[in-house]
Amino acid sequence: FQYIKFNGILSDDMHVYNLDSRGTPIYNFAYIDKVFDFLLTIGLKPIVQLSFMPSLLAKDPDRRLFNYLVSEPASLNAWADLIRSFTGHLLHRYGAEEVHRWHFCVWNQPDTPQTLYGFSSNEAFYAFYRCTYQALKGCDSQLSFGTPPTFYIVEKDYTNWYIPFLDWCRKNS
């Protein structure tokens with residue numbers, strides 16, 4: 001194995017996001033550092049799935065699936081600030097040369113219904129994807145940022161979700 005994929009790296013269990021008494025974000029990447037430090041010592045590189053939503057950033061903090069908080073962010077700006085801070089931290093701690101070898105993607109299976117991982121609409125997901133992409137690439141344009149994982153459905157009349165998504169990506173550079 002060369003890579004290992006992580007989901008839940010931004011979840012509440014990792015204590016990444018909190019607010020001070022004035023509502024100012026406090027970022028803590030200590031637990032993530034321990035995980036990534038270990039991976040690098042055993043020769044693995046992370047595929048960083050930016051997931052799941054910290055409860056203090058969630059539009060709906062009660063929206064959970066398998067105990068994962070799968071809510072859209074209440075604020076795309078606050079989400080982008082977290083992604084920029086996290087990405088900047090990784091680049092500072094591990095260096096651009098190392099982090100360029102890693103892969104990043106967003107969490108979510110946007111092709112599933114909202115009762116699973118899906119967002120309220122494709123447009124809401126597209127805005128989330130664009131926001132996350134721009135925040136990460138704004139830190140370093142050479143970082144590898146991929147498509148979201150999807151749920152493969154084999155049904156009659158199934159429309160491949162990636163086709164309109166890739167069209168949207170082309171239209172939006």
Side-chain angles (χ1 to χ4, degrees), residues 4-40 46-100 102-110 112 114-149 172-173:
I4 187 166
K5 185 176 182 182
F6 278 89
N7 66 21
I9 202 77
L10 300 177
S11 67
D12 287 342
D13 292 340
M14 297 299 282
H15 303 281
V16 168
Y17 188 86
N18 211 331
L19 299 171
D20 70 13
S21 61
R22 294 183 308 271
T24 303
I26 300 168
Y27 305 117
N28 174 13
F29 305 119
Y31 289 125
I32 294 173
D33 291 345
K34 288 180 180 292
V35 171
F36 288 170
D37 289 353
F38 172 72
L39 288 180
L40 294 174
I47 298 173
V48 184
Q49 181 176 293
L50 299 167
S51 66
F52 284 95
M53 188 60 59
S55 59
L56 293 174
L57 283 177
K59 183 176 184 179
D60 181 359
D62 295 322
R63 186 163 176 248
R64 294 182 181 273
L65 183 64
F66 307 116
N67 204 35
Y68 298 128
L69 182 48
V70 295
S71 170
E72 298 172 34
S75 163
L76 287 176
N77 289 334
W79 171 257
D81 289 344
L82 170 60
I83 299 306
R84 278 189 292 273
S85 182
F86 176 54
T87 305
H89 171 78
L90 295 176
L91 289 165
H92 180 262
R93 182 175 179 89
Y94 299 103
E97 185 177 334
E98 174 61 37
V99 180
H100 287 167
W102 301 2
H103 302 290
F104 295 84
C105 64
V106 294
W107 64 280
N108 191 263
Q109 293 173 333
T112 62
Q114 194 172 3
T115 54
L116 291 173
Y117 294 97
F119 273 33
S120 57
S121 67
N122 279 345
E123 291 72 26
F125 177 77
Y126 294 165
F128 173 73
Y129 184 87
R130 174 186 289 144
C131 165
T132 309
Y133 174 90
Q134 289 173 339
L136 187 109
K137 290 287 197 167
C139 292
D140 187 325
S141 63
Q142 294 182 48
L143 293 174
S144 171
F145 188 82
T147 60
N172 290 277
S173 299

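Here the structure is a predicted model, which is why all the values come from computation and not from measurement.
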Q. In Å and rounded to the nearest 0.5 Å, what is the CG to CD distance from Asn172 to Gln134?
A. 9.5 Å
**Q.** From CA spacing to verdict: side-chain contact (heavy atoms from CB on, under 4.5 Å), Leu39, Phe6
**A.** CA-CA 11 Å; Leu39 288 180; Phe6 278 89; 3.1 Å; yes
Q: Could you tell me whether the side chain of Thr24 reaches within less than 4.5 Å of the side chain of Leu19, counting heavy atoms only?
A: no
**Q.** Within-4.5 Å side-chain heavy-atom neighbours: Asn7 and Phe52
**A.** yes
Q: Taking the side chain as every heavy atom from C-beta outward, state whether Phe104 and Leu90 have any atom pair closer than 4.5 Å.
A: yes
Q) Can the ring centres of Tyr27 and Phe86 be said to be less than 6.0 Å apart? A) no
Q) Which heavy atom in Ser144 sits nearest to a heavy atom in His103, and how many Å separate them? A) OG-ND1, 3.0 Å
Q: State, with a plain yes or no, whether a side-chain heavy atom of Ser55 is found less than 4.5 Å away from one of Tyr17.
A: no
Q. Taking 4.0 angstrom as the limit, do Arg84 and Asp81 come out as a salt bridge?
A. yes
(Q) Just verifying a value: how many Å separate Asn77 CG and Leu82 CG, rounded to the nearest 0.5 Å? (A) 12.5 Å
**Q.** Atom pair CD1/CG of Ile9 and Leu50 - distance to nearest 0.5 Å
**A.** 9.5 Å
Q) Do you know the tightest heavy-atom contact between Lys5 and Cys105? A) CE-SG, 4.4 Å
(Q) Determine whether a donor-acceptor pair (N or O, by modelled atom type, separation under 3.5 Å) exists between the side chain of Ser51 and the backbone of Gln49. (A) yes
Q) Side chains of Ile47 and Trp102: does their closest heavy-atom pair fall under 4.5 Å? A) no
Q) How many angstroms lie between atom CG of Asp12 and atom CG of Leu57, to the nearest 0.5 angstrom? A) 9.0 Å
Q) Under a 4.5 Å cut-off applied to non-hydrogen side-chain atoms, are Phe29 and His89 in contact? A) yes
Q.
According to salt bridge (Lys or Arg N to Asp or Glu O under 4.0 Å), does anything in residues 130-145 pair up with another residue at least two apart or in another chain? List the pairs.
A. none
Q | From Leu136 atom CG to Thr87 atom OG1, the distance as rounded to the nearest 0.5 Å | A | 4.0 Å
Q: Test side-chain contact (heavy atoms from CB on, under 4.5 Å) on Val35 and Tyr31 and set out the steps.
A: CA-CA 6 Å; Val35 171; Tyr31 289 125; 5.8 Å; no
Q | Heavy-atom side-chain contact between Val16 and Asn28 under 4.5 Å | A | no
Q: If the plane angle is over 60° it's perpendicular, under 30° parallel, otherwise tilted; pick one for Phe36 and Tyr94.
A: perpendicular
Q: Indicate yes or no: at least one non-hydrogen side-chain atom of Asn18 is less than 4.5 angstrom from one of Leu56.
A: yes
Q: First locate atom CG of Asp33, then atom CZ of Arg93, and finally report the distance between them rounded to the nearest 0.5 Å.
A: 3.5 Å
Q: Look at the aromatic rings of Tyr133 and Tyr129 and report parallel, tilted or perpendicular, splitting at 30° and 60°.
A: parallel
